[in-house]
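Report on the following structure.
Scope of the values below: all heavy atoms of this structure, side chains included, with no hydrogens, waters or symmetry mates.
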Amino acid sequence: MAIAMSWHKPDNVAGSSAPAIMVGLFVATGGLLFGYDTGSINGILAMHSFRDHFSTGYKDDQGVLDIHPSQVSLVVAMLSAGTAVGALLSAPVGDFYGRRRSLIGAVAVFCLGAVFQVTATNIPLLVVGRTVAGIGVGAVSVLVPLYQSEMAPKWVRGTLVCAYQLSITMGLLLASVVNILTYSIPTAAAYRIPMGLQLIWAVVLSLGLLLLPETPRYLIKRGYKEAAALSLSRLRRLDITHPALVEELAEIEANHDYEMRLGPDKYKDILFGEPHLGRRTLTGCGLQMLQQLTGVNFIMYYGTTFFKGAGIDDPYKISVIMQVINVVSTLPGLVVVESWGRRRLLIVGAIGMAICQLLVAAFATANGENNASTQNHLLIIFVAIYIFFFAASWGPVVWVVTSEIYPLKVRAKSMSVSTASNWLLNFGIAYSTPYIVGNTAKNAEGTFNLGSRIFFIWGAFCIVAIAFVWCMVYETSKISLEQIDEMYERVDYAWNSRRFEPSWSFQQMRDFGFSDSGVPPTEPQLELQPSRTSSASTSQTDTATSTATATTTQDDKLVSSLGHVDFSY
C-alpha cells in the first residue's frame, strides 16, 4: 500500500509516467553487474578449491594451502581500481556518444573482463580480468543514475535512482545463493560457475539498451532539439505538440542556455563554476567517500571470510541471510525517499549505523577472547541491524543526491569525479582490510589483527557523516533538476533548503535577460508569476520546428482548458 501510494502520479501532472518508470527500472538493473561481482568474490575467496588452485605456496595457521593477504587484497581491490578509471572515462564518453550508447559500451567492457576471470588459471590473469570488469562497472555506476535522473519525472526520480541500489543488493543476494550452491564442489567449477553466470544479465541488458531512447536533456545539450522532443514524447506519452511537453522541453533548453552563459563546461568549472559548482562537487565527493567509510564493503567483500575467522559456524549461510536483509531493507528507502526527503533519511541512517558499529566494537574490546559465543551472536545481530540502516538510507540515497545536484552542462563530469572518489575509497578499503583485520592468517606478517574493533573506525566515520549531511546536503526532493539550480543560487545554507519554493523559470530569465545572479527584477511587468499561457506561447515560438502544425492561439486555448496542471518534471 505504501509503495503504491509513493508511486502514484500526481493528478496535476500531464501525460503518462509509465514509460519513464519502466525504462528507469530496466536501466537500474545495471547495478546487478556490480552487486553480483562483489558478492561472488566474497564467497569465492573462502572456497577450498579456489585457494588450492590459486595458492602460490603460502599456508595458513593450520598448515593448509592458502592465499597470502597481499594476494587477496590485490584480487579484491583491483576491481575497485578499475571502477575508478571507468568512472572518470564515463564523462567524456557519455558526453560525446550519449548516455545510452556509452552504457552499451560499458557493459561490453564488463563482459570482456568477466571472460578473463572465468578462463583465469593464475592470479595475474584473474587480476587483469577483475580490473577490466571494474572499468565497465565504474562507467555503469555513473551512467545509470545519470540516465535515470535525466529522463525521470521529478515526483518519482528519487525512487527510480534508488532502484539502482536495489539492483546492487539483488546482485549481492544472487551471488550469495550461487556461492552456497557451488562452494562444496571439489573442482574449479566451484568458482567458475559463479564467475560465468554474471555474463547472462550483461548480455540481456545490452540487448535491451538497444531499444531505449536517449535522454532528452543530453540531446538538448548536443543541440538536437527535434530528437529531444521525440525522446520526451516517448517517455511522457504525449504528442510532440502537447503544451506540457513543449513547456518542459523549453524549460530544459532555457536552463542549459542560462548555464552556458555562466561559463564553459570544462573540468575546472566543476570546482570554480557557477552557481556554486565547487560546493556541489564537494558535496557529491564527500557523500560518495563517506558511503564507503561507513564500512559496508568490508561486509560485502570480506563478510564470509570475516565471519569464518570469527569462529561462526556456516559463514556462507550467514552471508546469505545478510544479503536477504540487504535487499529487503532497501525497499523502505524507496518508499520514503520522496516523503522524508534526502537529508532526513541520510541523517537517520547514519545515526543507526553509528550506534550498531560502536556497540559491536565496544563489546568486543571489553570482552577480549572471553564470551566468544555471545560475541558472535551480538556481531551477527548488530551487523544485520547496521545493514538495515545502510540499505534503507546511505546505500540508495547517495546515488540519488549525486545524480541530481549538478547542472546539465557539467553533470556527467561532476558525477564521474564524485563516483571515482567512491571507487578510490573502495579500493583503499578493499586492499587494506586483510592487513587491518588479519582474519586470513592470524600470524601473517604485517597485519594489525583488529578483528571486530575495526567497527570503531566505521562508527566514527558515521558520526562524521551526520555532521556532513547537516552542513552540506541540500534537500532536492519534489523539485525539477532545473529548479535545483535556482535553489543553490537562493539558499545559502543546506539546513534551510527544505523551506525552498521555486519562484521563477529559466525561460523567463532567458527571454527577459535577467542578470546572472538570478535575482528577478522588481518591475511589475516582469514579475515572475506562473503564467502558463504566456510561457506556452514562448515555448511555441522557441520550438517552431517541432510544432509547425499547431498555432499559438490553439495552444493558449488548450492550456487554459487544462486548469491547474504542473508542467515541470
Side-chain angles (χ1 to χ4, degrees), residues 145-146 148-150 152-162 165 217 251 255 258-259 262 269-291 333 336-351 393-415 417-419 421-422 464-506 516-519 568-569:
L146 178 62
Q148 291 175 306
S149 66
E150 288 192 351
K154 69 179 182 182
W155 64 270
V156 76
R157 185 179 64 236
T159 304
L160 286 181
V161 179
C162 281
Q165 177 66 20
R217 284 178 170 88
E251 180 68 2
N255 172 247
Y258 170 73
E259 289 172 358
L262 295 180
D269 293 287
I270 69 175
L271 294 176
F272 304 108
E274 292 293 339
H276 301 293
L277 297 189
R279 181 191 301 176
R280 302 199 219 185
T281 301
L282 177 61
T283 300
C285 291
L287 283 175
Q288 292 283 10
M289 289 188 289
L290 285 168
Q291 185 195 59
V336 303
V337 67
E338 300 296 349
S339 58
W340 279 29
R342 290 38 162 168
R343 278 173 56 86
R344 182 183 300 174
L345 198 51
L346 287 171
I347 291 173
V348 171
I351 292 172
S393 59
W394 279 77
V397 179
V398 166
W399 297 107
V400 174
V401 174
T402 54
S403 70
E404 293 176 332
I405 59 175
Y406 304 118
L408 177 60
K409 69 174 182 178
V410 295
R411 185 170 293 138
K413 294 180 177 65
S414 296
M415 283 189 65
V417 170
S418 63
T419 306
S421 67
N422 178 299
V464 173
I466 297 169
F468 183 86
V469 172
W470 176 260
C471 296
M472 295 296 295
V473 177
Y474 281 61
E475 184 53 65
T476 54
S477 61
K478 298 183 177 66
I479 58 177
S480 70
L481 295 180
E482 287 67 43
Q483 290 165 343
I484 291 172
D485 273 355
E486 180 192 353
M487 178 175 65
Y488 269 94
E489 287 203 11
R490 290 178 48 204
V491 179
D492 293 330
Y493 301 107
W495 52 86
N496 293 328
S497 60
R498 289 184 64 87
R499 297 194 295 269
F500 168 74
E501 292 291 339
S503 63
W504 41 261
S505 76
F506 285 95
D516 288 346
S517 66
V519 178
S568 65
Y569 288 79

Revision key, fill the gap. Here the gap from Ile405 atom CD1 to Met472 atom CE, rounded to the nearest 0.5 Å, amounts to 8.5 Å
Practice item. Go through the steps for Arg279 and Asp492 under the test salt bridge (charged side-chain N to carboxylate O under 4.0 Å, His left out), then give the verdict. Key: CA-CA 11 Å; Arg279 181 191 301 176; Asp492 293 330; 5.7 Å; no
Review point. Which atom names give the shortest non-hydrogen contact between Gln291 and Asn422, and what distance separates them?
Key: OE1-ND2, 2.7 Å
Review point. Within the distance-only criterion (no hydrogens, no angle test), does the side chain of Gln288 pair as donor or acceptor with the backbone N or O of Ser421 below 3.5 angstrom?
Key: no
**Study point:** Counterpart residues, side chain to side chain contact (heavy atoms under 4.5 Å, CB included), relative to Ile351 (two or more places apart)
**Key:** Ile347, Ile355, Ile466
Point to revise | Contact summary for Arg280 and Pro407, nearest pair of heavy atoms | key: NH1-CD, 3.4 Å
Check your understanding: Arg498: what forms a salt bridge (charged side-chain N to carboxylate O under 4.0 Å, His left out) with it, not counting sequence neighbours?
Key -> Glu475
Practice item. Measure from the side-chain N and O atoms of Arg344 to the backbone N and O of Ser339, and report whether any donor-acceptor pair falls under 3.5 Å. Key: no
Practice item. Might you point out which heavy atoms bring Gln165 and Trp399 nearest each other, and give the distance in Å? Key: OE1-NE1, 3.5 Å
Revision key, fill the gap. Ring pair (Phe, Tyr, Trp, His ring centres under 6.0 Å) filter on Phe468, not counting sequence neighbours, yields none
Point to revise | Cys162 and Val400: CA distance, side-chain angles, deciding distance, side chain to side chain contact (heavy atoms under 4.5 Å, CB included) verdict | key: CA-CA 6 Å; Cys162 281; Val400 174; 3.6 Å; yes
Review point. Can you name the side chain to side chain contact (heavy atoms under 4.5 Å, CB included) partners of Ser403, sequence neighbours left out?
Key: Pro145, Ser149, Val161, Met415
Review point. Which value, rounded to the nearest 0.5 Å, describes the distance between Leu277 atom CG and Ser414 atom OG?
Key: 6.5 Å
Exercise for review: For the pair Val398 and Leu346, evaluate side chain to side chain contact (heavy atoms under 4.5 Å, CB included) and give the outcome as yes or no after the intermediate values.
Suggested key: CA-CA 8 Å; Val398 166; Leu346 287 171; 4.3 Å; yes
Check your understanding: With sequence neighbours left out, what residues match Glu150 under side chain to side chain donor-acceptor pair (under 3.5 Å)?
Key -> Arg99, Thr215, Arg411
Check your understanding: Looking at OG1 of Thr419 and CG of Leu287, how far apart are the two atoms once the value is rounded to the nearest 0.5 Å?
Key -> 11.0 Å
Study note, to complete from the structure: Closest non-hydrogen contact found for Ala494 with Cys471 is CB-O, 3.5 Å
Practice item. Quick one: closest heavy-atom pair of Gly341 and Ser477, and the distance? Key: CA-OG, 4.0 Å
Revision key, fill the gap. CD (Gln483) and CD (Glu501) are apart, to the nearest 0.5 Å, by 9.5 Å
Point to revise | For Val491, all residues meeting side chain to side chain contact (heavy atoms under 4.5 Å, CB included), sequence neighbours excluded | key: Tyr474, Met487, Asn496, Ser497, Phe500
Check your understanding: Quick one: ring pair (Phe, Tyr, Trp, His ring centres under 6.0 Å) partners of Tyr406, sequence neighbours excluded?
Key -> none
Check your understanding: In Å and rounded to the nearest 0.5 Å, what is the CD to CD1 distance from Glu486 to Ile479?
Key -> 8.5 Å
Practice item. With sequence neighbours excluded, give me every salt bridge (charged side-chain N to carboxylate O under 4.0 Å, His left out) pair touching residues 394-404. Key: Arg157-Glu404, Arg342-Glu404
**Study point:** Counterpart residues, side chain to side chain contact (heavy atoms under 4.5 Å, CB included), relative to Ala465 (two or more places apart)
**Key:** Leu290, Ala350, Trp394
Practice item. Kindly compute the distance separating CG (Leu345) from CZ (Arg343), expressed to the nearest 0.5 Å. Key: 12.5 Å
